[in-house]
Amino acid sequence: MIRGAVFFDVDGTLVPGTSSGQHLADRLGHAELCRDAEARYDDGTLTNQQASVIDARGWTSWSPADVRGFLDSLPVVDGIAETVEWCRGHGLVPVLATLAWDPVGAYLCERFGFERSCGPRLEVVGGRYSGEVASHLDEEGKRDFARGVARELGFGLGECAAVGDSRSDLPLFAEAGLAVAFNGGPAACAAAHVAVEGPDLRVVLPVLAAWQARAGR
C-alpha cells in the first residue's frame, strides 16, 4: 500500500562535498567556469537558469555515453540503496527532486532504484550535446514536479516528505509534511522540521519512521 512519497535532493544531499555538475565539469574540462557559476548561484548573484547556461556550454561535442561513463565515479553518501529499500518497504515512494542535469537523475534511478527524477535537460544534436539548454528547471519547478508526482499518487505534498540541504529545497520544504535537512546549510536547516547530519543517508530513517507513526500511516 502506498502511503506517500519521499523526495530526495541530489547535490549536497546524495552527492557530498561537491555537486554532480562540478564532478562532470571536472571531466568535461570546464571546472572553473562551473565552480564560479555554482558559487554565484549559491550567493544569489546568478539565477539557476543563468548558471545552467554557463555550465551547458562546457558539454559541447560530448556524447551522452561519455557522460554516463563519467557518472560511474560520482561520489555519493553511504546508505542510499538501503534508504530506498526502507522507503519502499514502508509504503513511501522514493523520488529524486533535483536541479541536477537530467542524465544524473536517470543514472541514480538506475543505480539505486528511485522511482523517477526531474532535472534540466541539455540539447542533443546528432548524438552529441550542442552546448544549449533544452529545458530549464528552477526551485519552483522542482517543487511543482513534486506536487505533480504526489498528485499522481493520490496525495498532497503535506502527506509527503522531502530531504535536502540547500536553497533549492526551500519551496519544497515549505509545503512538505516533513522537511528534513540532511547535512544542510543554514537556510535549509532553518526551513526544515528536522535537521540531521552524517555520512550515511540512513540517519533520516528514524525521522521518517517517527513521522509515519505520528501520522498513523
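- Between L71 atom CG and R111 atom CZ the span is 10.0 Å, to the nearest 0.5 Å.
- Side-chain atoms of Q22 come within 3.5 Å of backbone atoms of A31 as a donor-acceptor pair (strictly under, hydrogens ignored).
- In this structure a side-chain-to-backbone donor-acceptor pair under 3.5 Å is present from S73 to F70.
- Going from atom CG of L96 over to atom OG of S117 covers 5.5 Å, rounded to the nearest 0.5 Å.
- Proximity of a side-chain donor or acceptor of E110 to a complementary backbone N or O of Y107 within less than 3.5 Å is not detected.
- Note: the hydrophobic cluster containing L201 also contains V194 (ILVMFWY, side chain heavy atoms under 4.5 Å, direct or indirect links).
- For the pair P94 and C87, the tightest heavy-atom approach, listed with the atom from each and the gap, is CB-CB, 4.4 Å.
- Using modelled atom types, one side-chain atom of D169 and one backbone atom of S166 make a donor-acceptor pair closer than 3.5 Å.
- Listed by chain and number, the residues in a side chain to side chain contact (heavy atoms under 4.5 Å, CB included) with E32 are R35 (sequence neighbours excluded).
- Contact detail for P64 and G127: the closest heavy-atom pair is CD-O, 3.4 Å.
- With contacts defined as side-chain heavy-atom distances shorter than 4.5 Å, the pair V203/F182 qualifies.
- Note: W86 and H90 have parallel aromatic rings, judged against thresholds of 30 and 60 degrees for the angle between ring planes.
- At a threshold of 4.5 Å between non-hydrogen side-chain atoms, the residues V77 and D200 do not count as touching.
- Linking ILVMFWY residues whenever their side-chain heavy atoms come closer than 4.5 Å, directly or via other members, places F145 and I2 in the same cluster.
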Could you go through the side chain to side chain contact (heavy atoms under 4.5 Å, CB included) check for E175 and R147 one step at a time?
-> CA-CA 9 Å; E175 296 189 23; R147 280 179 181 168; 2.5 Å; yes
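- Formation of a donor-acceptor pair under 3.5 Å by the E159 side chain with backbone atoms of G156 is found in this model.
- Using a 4.5 Å cut-off between side-chain heavy atoms of Ile, Leu, Val, Met, Phe, Trp and Tyr, with links allowed through other members, V67 and I54 fall into different hydrophobic clusters.
- The backbone N or O of S20 sits less than 3.5 Å from a side-chain atom of D11, completing a donor-acceptor pair.
- At a threshold of 4.0 Å, the pair R116-E152 counts as salt-bridged, since one of the basic side-chain nitrogens sits closer than that to a carboxylate oxygen.
- Closest approach of G184 to C189, counting heavy atoms only: O-SG, 3.5 Å.
- One distance of note links CZ of R27 with CG of L74; it measures 8.5 Å at 0.5 Å rounding.
- Side-chain N or O atoms of R88 include one that pairs as donor or acceptor with a backbone N or O of G113 at under 3.5 Å.
- Atom OG1 of T83 is separated from atom CG of L92 by 12.0 Å, given to the nearest 0.5 angstrom.
- Hydrophobic clustering keeps W211 apart from F173 (ILVMFWY residues linked when any side-chain heavy atoms are closer than 4.5 Å, directly or through intermediates).
- With side-chain heavy atoms closer than 4.5 Å counting as contact, directly or through intermediates, the hydrophobic cluster containing Y41 also holds L99, L137.
- The closest side-chain donor-acceptor pair between H136 and N48, if any, does not fall under 3.5 angstrom.
- Closest non-hydrogen pair, D55 versus G21, comes out as OD2-CA, 4.4 Å.
- The side-chain heavy atoms of L157 and R143, taken from C-beta on, include a pair separated by under 4.5 Å.
- In this structure, V95 and F8 have side chains that are not in contact, with every pair of non-hydrogen atoms separated by 4.5 Å or more.
- Between V163 and V6, the closest side-chain pair of non-hydrogen atoms falls below 4.5 Å.
- Under the 4.5 Å side-chain heavy-atom criterion for grouping Ile, Leu, Val, Met, Phe, Trp and Tyr, F7 is not connected to L170 through any hydrophobic cluster.
- In this structure, D102 CG and S135 OG are separated by 9.0 Å, a value rounded to the nearest 0.5 Å.
- Side-chain contact of K142 with S168: a donor-acceptor pair under 3.5 Å is present, judged by distance alone.
- Side-chain contact between V104 and T98: absent, with no pair of heavy atoms (C-beta onward) separated by less than 4.5 Å.
- Two residues are said to be in side-chain contact when any heavy atoms from C-beta on lie closer than 4.5 Å; D165 and T13 meet this criterion.
- A donor atom on one side chain and an acceptor atom on the other are found under 3.5 Å apart for S63 and D66.
- Nearest approach of V15 to P75, heavy atoms of both residues: CG1-O, 3.4 Å.
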I would like to know whether W101 and W59 meet side chain to side chain contact (heavy atoms under 4.5 Å, CB included); could you show each step before the answer?
-> CA-CA 11 Å; W101 292 112; W59 291 58; 3.5 Å; yes
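- No donor-acceptor pair under 3.5 Å is formed between the side chain of R128 and the backbone N or O of V124.
- More than 12 heavy-atom neighbours from other residues, nucleotides or ligands sit within 6.0 angstrom of CZ on R167.
- With R40 as the fixed residue, the salt bridge (charged side-chain N to carboxylate O under 4.0 Å, His left out) test singles out one of D42, D36, D43: D36.
- Between A97 and C118, the closest heavy-atom pair is CA-SG, 3.8 Å.
- Here L33 contributes atom CG and R57 contributes atom CZ; the two are 8.5 Å apart, rounded to the nearest 0.5 Å.
- When the shell of 6.0 Å around CD of E85 is examined, it contains 12 or fewer heavy atoms from other residues, nucleotides or ligands.
- Put simply, the side chain of R68 does not reach to within 4.5 Å of the side chain of P103, judged on heavy atoms.
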